[in-house]
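Worksheet: one structure, shown below.
Reckoned from all heavy atoms, side chains included, excluding hydrogens, waters and symmetry mates. All residue numbers refer to positions in the sequence shown, counting from 1. In each ligand, atom 1 is the first atom listed, and ligand 1 is the first ligand listed.
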Amino acid sequence: MAPGPLRIGIAGLGTVGAGTVRVLRANAGLIETRAGRAVVVTAVSARDRDRSRGIDVSGLRWHADPLRLASDPEVDVVVELIGGAEGTARALVEAALAQRRPVVTANKALIAIHGAELAAMAERAGVALAFEAAVAGGIPVIKALREGLAADRLQRVGGILNGTCNYILTQMRETGRDFAAVLAEAQALGYAEADPSTDVDGIDAAHKLAILAALAFGRPVEFGSVHVEGIRRIGAADIAFATELGYRIKLLGIARRSEQGVETRVHPCLVPAAAPIAQVEGVFNAVVAEGEFVGRLMLEGRGAGAGPTATAVVGDLIDIARGSLVPAWGASSGALSQLFSVPMSECRGGYYLRLTVRDQPGVIAEITAVLRDCGVSLKSMLQHGQADPAPDDASQGAVPIVLVTHETREASMQEAVGRIAALAVVLDRPTMIRIEPG
Ligand code: HSE
């Protein structure tokens with residue numbers, strides 16, 4: 001006898017929730033064929049029952065309190081699309097797992113911060129905790145790392161994990177405008193949130209990177225050890241200098257395994273303009289992974305939006321309908337390794353440093369003396385033209401210079417930047433951007 005339909009309860013009917021209902025209905029026949037049984041929404045919960053969402057919810061059980069989904073007898077799987085690492089979202093996921101109900105979520109903050117305990121709860125309950133939609137929307141990267149690459153030892157994973165930042169940086173490069181102007185326009189067009197800090201300060205990308213690093217290196221997810229910097233300090237001048245030097249600026253998430261352990265960091269990077277990741281523009285995301293046997297691969301696609309994110313949610317539901325049960329982090333909680341988190345101060349790389357300095361004799365000598373004393377080797381330097389003479393004293397005009405270093409330790413570079421910033425001839429806060437091979 002064919003199994004009965006898998007009954008879904010969805011908490012949160014925003015863009016992704018409504019998109020999930022739409023995909024399940026539009027592709028019902030195809031999903032039933034692939035899952036071996038029908039997958040149907042039976043219950044929903046959202047803040048406002050009367051809001052127009054472009055989907056018909058009239059035949060569905062409605063719960064004003066999302067927690068009721070966890071114990072609804074007509075719900076087999078709870079889909080959490082509320083968002084946020086704490087509060088109702090966390091309470092609902094815990095309640096569903098306590099009731100031995102599988103959970104599908106798109107909640108990156110919840111998984112990045114509480115994913116280890118939640119996976120242990122799911123294991124004890126013998127049910128799935130699935131979160132394909134939490135990282136890079138429509139790119140099936142969780143499955144790619146956890147299942148497709150399960151045979152290999154990965155050395156590196158990361159990429160462009162935030163579409164809002166990539167859109168802003170792309171617009172800055174294409175139009176020559178500054179960060180604030182592009183952000184304001186992106187907000188007006190609905191591409192950036194009214195409060196953009198989670199995106200532009202790198203937090204959203206850091207949540208996703210923490211999840212990718214845990215999967216790639218088989219260790220418990222550890223958001224607290226991710227070094228996070230956003231894109232607010234990138235100016236139009238940096239974009240122009242980067243282009244002149246043959247680079248593009250991207251906000252990258254980087255997780256790398258070394259002899260010391262694992263480094264995880266999110267920050268703006270200069271990447272060679274010819275590198276594949278530099279070609280990923282606008283709202284697109286890209287994930288790069290590198291393993292001993294597989295070599296290097298890159299997946300590119302839409303990291304947000306109703307359709308792409310809903311396909312990830314429904315893909316997880318199809319796995320559950322098929323009866324597939326994969327450990328959330330690729331191995332049981334007790335089998336994960338305790339790799340050391342390498343602090344940012346120990347990371348290595350080349351650096352770009354933009355300074356605004358007085359245009360007078362001896363300035364470069366003072367700056368290079370600091371670099372020498374900190375053991376940082378200079379690779380190249382750019383200065384264009386000359387400062388306009390100030391009316392009272394021709395030596396006081398300001399001019400931008402850019403220094404590019406050879407590979408060095410972050411701690412040495414931070415020391416050098418601190419000392420350079422304190423020089424009287426340096427007129428503004430320096431902008432330091434790390435250089436990555438791409
Ligand atoms: N706000 C994210 C982005 C999508 O801009 O990529 C959801 O994580």
Side-chain angles (χ1 to χ4, degrees), residues 12-20 79-85 89 104-115 130-142 157-172 179 182-215 221 223 226 228-232 234 249-254 266-269 277 280-288 298-313 315-316:
L13 284 180
T15 308
V16 180
T20 299
V79 176
E80 184 276 306
L81 300 172
I82 298 168
V104 174
T105 178
N107 189 333
K108 58 224 76 176
L110 177 74
I111 296 298
I113 295 169
H114 300 297
F131 46 86
E132 183 62 69
V135 181
I139 305 177
V141 62
I142 303 293
V157 70
I160 295 174
L161 303 176
N162 185 269
T164 305
C165 289
N166 207 43
Y167 173 82
I168 291 173
L169 292 169
T170 302
Q171 284 291 308
M172 286 175 72
F179 171 79
V182 174
L183 171 63
E185 188 192 76
Q187 286 172 314
L189 292 169
Y191 296 157
E193 304 276 346
D195 175 2
S197 44
T198 306
D199 289 318
V200 301
D201 293 331
I203 298 157
D204 173 77
H207 287 146
K208 296 167 184 169
L209 184 73
I211 296 171
L212 294 183
L215 285 167
V221 61
F223 174 68
V226 182
V228 192
E229 292 173 33
I231 62 168
R232 287 186 201 263
I234 304 296
I249 300 181
K250 296 287 178 191
L251 182 79
L252 294 188
I254 299 164
V266 169
H267 51 69
C269 296
I277 197 122
V280 178
E281 296 278 51
V283 296
F284 280 81
N285 283 198
V287 179
V288 177
M298 185 171 106
L299 301 169
E300 179 185 353
R302 292 185 187 278
T309 313
T311 63
V313 171
D316 280 342

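Ligand-side atoms of ligand 1 in range of Asn162: 2 (C), 3 (C), 5 (O), 6 (O), range being under 4.0 angstrom from any heavy atom. Against a heavy-atom cut-off of under 4.0 Å, Thr164 is close to the following atoms of ligand 1: 3 (C), 5 (O), 6 (O). Of all atoms in ligand 1, numbered sequentially from 1 with element shown, those under 4.0 Å from a heavy atom of Lys208 are 2 (C), 4 (C), 6 (O), 7 (C), 8 (O). The atoms of ligand 1 that sit less than 4.0 Å from any heavy atom of Lys108 are 7 (C), 8 (O).
Looking only at distances, a side-chain donor or acceptor of Gln187 sits under 3.5 Å from a matching main-chain atom of Ala194. Without hydrogens or angle criteria, Asn166 side chain to Gly282 main chain gives a donor-acceptor distance under 3.5 Å. Checked by atom type and distance alone, the side chain of Glu132 never pairs as donor or acceptor with a backbone atom of Ala312 at under 3.5 Å.
At the shortest separation from atom 6 (O) of ligand 1 among protein heavy atoms lies Gly163 N, 2.7 Å. Shortest contact from atom 1 (N) of ligand 1 to any protein heavy atom: Asp199 OD1, 2.9 Å.
Considering backbone and side-chain atoms alike, Leu161 places every N or O at 3.5 Å or more from each N or O of ligand 1.
Applying the side-chain hydrogen bond (donor to acceptor under 3.5 Å, both in side chains) rule to pairs touching residues 201-214 yields Asn162-Asp204, Asp201-Arg232, Asp204-Lys208, sequence neighbours excluded.
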For side chain to side chain contact (heavy atoms under 4.5 Å, CB included), just list the numbers for Val288 and Leu252, CA-CA rounded to whole Å, side-chain angles, deciding distance to a tenth of an Å, and then say yes or no.
CA-CA 10 Å; Val288 177; Leu252 294 188; over 6 Å; no
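For Ala89, the side-chain contact (heavy atoms from CB on, under 4.5 Å) test picks out Glu80, Ile82, Asn107, with sequence neighbours left out.
Ligand 1 has no atom lying under 4.0 Å from any heavy atom of Glu193.
For the pair Ile231 and Met172, the minimum side-chain heavy-atom distance is 4.5 Å or more.
The option with the heavy atom closest to atom 4 (C) of ligand 1, from among Pro308, Ala304, Gly305, is Ala304.
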